[in-house]
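The next block holds one structure in the form of structure tokens; read it before the comments.
Values below: all heavy atoms of this structure, side chains included; hydrogens, waters and symmetry mates excluded.
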Amino acid sequence: MSDRPRLLPLLGTTRHGSRDAMTCLYRCGNACDHPVPNTSDNTYFGDLVEGEVTRRGVVRAGAVGALVLGFGGTAAGALAGAAPAAAAPATPVVPEVADPTAPQRGVGSGALTFKPIPPNQLDTLVVPNGYDHHVVIRWGDPVLPGAPRFDLHGQTAAAQAKQFGYNNDFVGVLPLDRRGRRALLVVNHEYTNEDLMFPGFTGLDNLTVEQVRTAMAAHGMSVVELERVDGTGQWRPVGQGRRPYNRRVTALATKFELTGPAAGSAWLRTAADPKGRTVVGTLNNCAGGVTPWGTVLSGEENFNQYFVGADAAPAELKPKFDRYGITTAARYPSGSRKWERADERFDLAKHPNEAHRFGWIVEIDPFDPESRPRKHTALGRFKHEGANVIVARDKRVVAYMGDDERFDYLYKFVSDKKFMPGDSWVARKNNLTLLESGTLYVAQFAQTSAAEIDGSGKLPADGAFNGTGRWIRLVSGNRSYVDGMTAADVLTFTRLAGDKVGATKMDRPEDVEPSLLTGKVYVALTNNTDRGKAGKPAADEINPRNLNKHGQILELVEDRGDNTAESFTWSLPIVAGDPADPSTYFAGYDKTRVSPISCPDNVAFDATGNLWISTDGNALGSNDGLFATAVEGPERGHLKQFLTVPLGAETCGPFITGDNRSVFVAVQHPGEITGASVEKPASTWPDGDYAKPGVVVTWRLDGGPIGS
């Protein structure tokens, strides 16, 4: 057996659009090298929905997103100097906005007036004229007070557990004061690339156990206190003082509490945890969301690649492992990380239930650094891209989630309990339990023009890709709605439940985010080059192109504007790609005026309701980037490119502060190109020596609102 990780060239060295084979290896464990996990034969409810879908009016959501829009309304120019480092208040300040749907002072008109940047392949971060950017924090920078200086040639797990981790993905920025001077940066660290981390790397089997443990410590999350710089849109880490909120959460040592109906079930019990309620570590944390009560949600995605030995697991578990992409045909599947060398719990031959303890939505309270993070079983287990929450009109909270796999599903969760506004202890205690009990649904889509879909991307005669849909109940509390499955079964093997009820197979549903201004929900469907291949599902109206390289954006409108509804209408406002390609669509906007976009991955909103889209694996030959468009009014569909990231990198995050003066993005895996190494980097961003993932903030030089 070769000890060099297996890179899988396809069409040169690229897979998934322009994603390099090295990224496929380390990011998702060569997922495309394995069979598509979903082999179900689901059918749609109703063959056709006659006539054009009538778009229902949507009322504004209720009290939502206090933290997302919680930055002080003080104009940036009025802030005098950087905030001093200060001790944490006895009670964490959780800013409250009485009406988060109302514009704050100074957030701008909402018009996107910046001049779009052109596609490029430069090894730098490019922003529009009139803007500047700065690296906030990078791999190896100190997080905990007393962290040692980063030593590339002397990395240790103990040092990495105090330093900023590798390959940052989700970015959340939560205000610490009402004047917008201090904030907490919360970041996911999705995965490591040992080729680009360790000098002299020759293969995973040749790593020392300490190096494996260092990689484990580089996974997880970071919480870092920030201060605003000189009243601008720039932010930097607080470098002095106690910094009591700063925290590292790792795959190596952090303990997590399991909550919800599946906690304690037989599926989650192990020799080390016979009660099935405490998990060590979190894996492959991808996107996430900030909750209205001031916590951060993080999605465990490609956890399958960290486990070996499923070939020797109990026979009854093998179909379940296969459905989750855990290969049962060999001890070491393609892309295996071989962490069992440092911790035997990753060997499923010895500990078959350990894999079931990953693939959950994680919740962390950044305002309480002593709190134990939680994994919420009520939200189901799959390859979570992330979760984003909105408060419905009846004050229950609704979380939307995508399962990032070819031909997998879209989900939502509706809480049993109701959100309590305010930052009192009573409210906070209540809100911290909202995701522990509720109803989990999976989406099923119907079409208006099914007979016209030929896989080319040609618009139907009614002028839109659209239809209706319904949310199918899977489980509510301890009650299962899926024949032959208990509630614990449904929540632990949610993909299998979705198969049974006939959910709609999607083109890699990734980030899902509701607009806090309209309640409409937007989904990034990244791509699916298996769509329409022999033996695979053909194009349909919601996934209208075969061999889909570029992806699409889905807009979902819940019936009566109620996010707890069990039916909805949907449309595709953006079908991505080169605007000159007739298969693309930009909400009917003049395509000669829009920027090309490929492989939408994450979505976010600014304070005025514009949709921002980051990309992963641009199949048009340019570096990945960040784009913005209006989703309402005459400029709907006028997509403009705001920035590009360096060579080989992916644009993650993004996050726009509530005062609309700062855009944060995570630059993930710069220089991740086959053949690159520490000694021969394909990118030298950001410091000119070797590639380092990092978080960047962008702001307007004149202090004005972003985009306007």
Side-chain angles (χ1 to χ4, degrees), residues 27-29 31 34 37-38 169-170 188 190-191 219-221 249 251 254 256-263 265 267-270 273 276-288 297-308 310 313 317 319-328 333 335 337 339 345-346 348 351-363 373-387 399 401-406 408-411 413 435 440 442 474-475 485 487-499 508-510 512:
R27 170 81 170 278
C28 58
H34 305 299
N38 191 349
D169 196 299
F170 169 77
N188 285 350
E190 184 175 6
Y191 70 100
H219 284 66
M221 303 175 74
V249 170
T254 306
F256 288 75
E257 176 190 351
L258 288 160
T259 77
S265 70
W267 298 121
L268 301 181
R269 298 174 195 159
T270 64
D273 177 29
R277 293 188 175 274
T278 304
V279 180
V280 176
T282 185
L283 293 176
N284 213 257
N285 299 71
C286 193
L297 305 181
S298 175
E300 296 184 315
E301 191 182 12
N302 294 300
F303 63 90
N304 55 299
Q305 64 182 303
Y306 300 90
F307 294 94
V308 304
L317 282 182
K320 296 177 172 63
F321 284 148
D322 286 334
R323 184 63 181 89
Y324 278 80
I326 299 174
T327 301
T328 58
R337 308 306 292 264
W339 279 11
R345 66 193 173 101
F346 293 100
L348 298 178
H351 305 284
N353 278 358
E354 189 67 27
H356 306 152
R357 293 149 66 87
F358 298 89
W360 304 101
I361 289 294
V362 170
E363 183 174 19
R374 294 169 294 157
K375 297 189 180 189
H376 291 304
T377 69
L379 276 67
R381 175 176 165 268
F382 42 89
K383 289 187 179 181
H384 281 281
E385 174 75 8
M401 303 167 286
D403 186 349
D404 183 9
E405 188 87 69
R406 296 164 291 168
D408 258 294
Y409 309 136
L410 180 67
Y411 298 86
F413 167 86
L435 302 182
L440 182 65
V442 69
L474 297 177
V475 64
M485 300 181 76
D489 294 343
V490 170
L491 295 172
T492 309
F493 306 108
T494 311
R495 284 181 166 182
L496 292 166
D499 297 344
R508 292 185 58 208
E510 296 212 39
V512 188

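- Once rounded to the nearest 0.5 Å, the distance linking CE of Met485 with OG1 of Thr492 reads 8.5 Å.
- Proximity of Cys286 to Asp404: side-chain heavy atoms (C-beta onward) are nowhere separated by under 4.5 Å.
- Distance OG1/Thr494 to OH/Tyr409: 11.5 Å, rounded to 0.5 Å.
- Nearest heavy-atom pair across Ala497 and Val490 is CB-CG1, 3.9 Å.
- Between Trp339 and Phe346, the ring-plane angle classifies as perpendicular under the 30° and 60° cut-offs.
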Exercise. Could you walk me through whether Leu297 and Leu435 pass the side chain to side chain contact (heavy atoms under 4.5 Å, CB included) check?
Worked result: CA-CA 10 Å; Leu297 305 181; Leu435 302 182; 3.6 Å; yes
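- Note that NE2 of His219 and CZ of Arg337 are 5.0 Å apart. Values are rounded to the nearest 0.5 Å.
- The CG atom of Leu317 sits 10.5 Å away from the OG1 atom of Thr328 when rounded to the nearest 0.5 Å.
- Residues Thr377 and Leu268 are in side-chain contact: their nearest non-hydrogen atoms beyond the backbone lie under 4.5 Å apart.
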Exercise. Taking it one step at a time, do Thr259 and Glu363 satisfy side chain to side chain contact (heavy atoms under 4.5 Å, CB included)?
Worked result: CA-CA 10 Å; Thr259 77; Glu363 183 174 19; over 6 Å; no
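- Classified by interplanar angle (parallel below 30°, tilted 30° to 60°, perpendicular above 60°), the ring pair His356/Trp267 is perpendicular.
- Looking only at side-chain heavy atoms (C-beta outward), Leu258 and Val279 come within less than 4.5 Å of each other.
- In this structure, the separation between CD on Glu405 and CZ on Arg508 is 8.5 Å, given to the nearest 0.5 Å.
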For this session: Step by step, work out the side chain to side chain donor-acceptor pair (under 3.5 Å) result for Asn284 and Lys383.
Result: CA-CA 9 Å; Asn284 213 257; Lys383 289 187 179 181; over 6 Å; no
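- Nearest approach of Ala251 to Leu283, heavy atoms of both residues: CB-CD2, 3.9 Å.
- Distance check, rounded to the nearest 0.5 Å: NE2 of His351 to CZ of Arg345 gives 9.5 Å.
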For this session: Run the numbers on Tyr191 and Asp169 for side chain to side chain donor-acceptor pair (under 3.5 Å), then give the verdict.
Result: CA-CA 9 Å; Tyr191 70 100; Asp169 196 299; over 6 Å; no
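- For the ring-ring contact (aromatic ring centres under 6.0 Å, His included) with Phe382, the qualifying choice from Phe303, Tyr411, Trp360 is Tyr411, the only one to do so.
- Considering only heavy atoms from C-beta on, Asn285 comes within 4.5 Å of Glu300 through its side chain.
- A side-chain donor-acceptor contact under 3.5 Å links Lys375 to the backbone of Arg357.
- Using a 4.5 Å heavy-atom cutoff, the side chains of Pro373 and Thr254 are in contact.
- Ile361 approaches Ala387 most closely through the heavy-atom pair CD1-CB, 3.7 Å.
- Looking at heavy atoms from C-beta onward, Glu385 lies out of side-chain contact with Met401 at the 4.5 angstrom threshold.
- In this structure, Gly498 and Leu474 approach most closely via the heavy-atom pair N-CD2, 4.4 Å.
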For this session: Apply side chain to side chain contact (heavy atoms under 4.5 Å, CB included) to Asn188 and Met221, showing your working.
Result: CA-CA 4 Å; Asn188 285 350; Met221 303 175 74; 3.4 Å; yes
For this session: Carefully, step by step, assess Thr278 and Asp273 under the rule side chain to side chain donor-acceptor pair (under 3.5 Å).
Result: CA-CA 7 Å; Thr278 304; Asp273 177 29; 4.6 Å; no
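- The shortest heavy-atom contact between Val512 and Gly402 is CG2-N, 3.7 Å.
- In summary, Asp403 and Arg495 engage in a salt bridge, as defined by a charged side-chain N under 4.0 Å from a carboxylate O.
- Classified by interplanar angle (parallel below 30°, tilted 30° to 60°, perpendicular above 60°), the ring pair Tyr324/Phe493 is perpendicular.
- Aromatic ring centroids of Tyr306 and Phe358 lie 6.0 Å or more apart.
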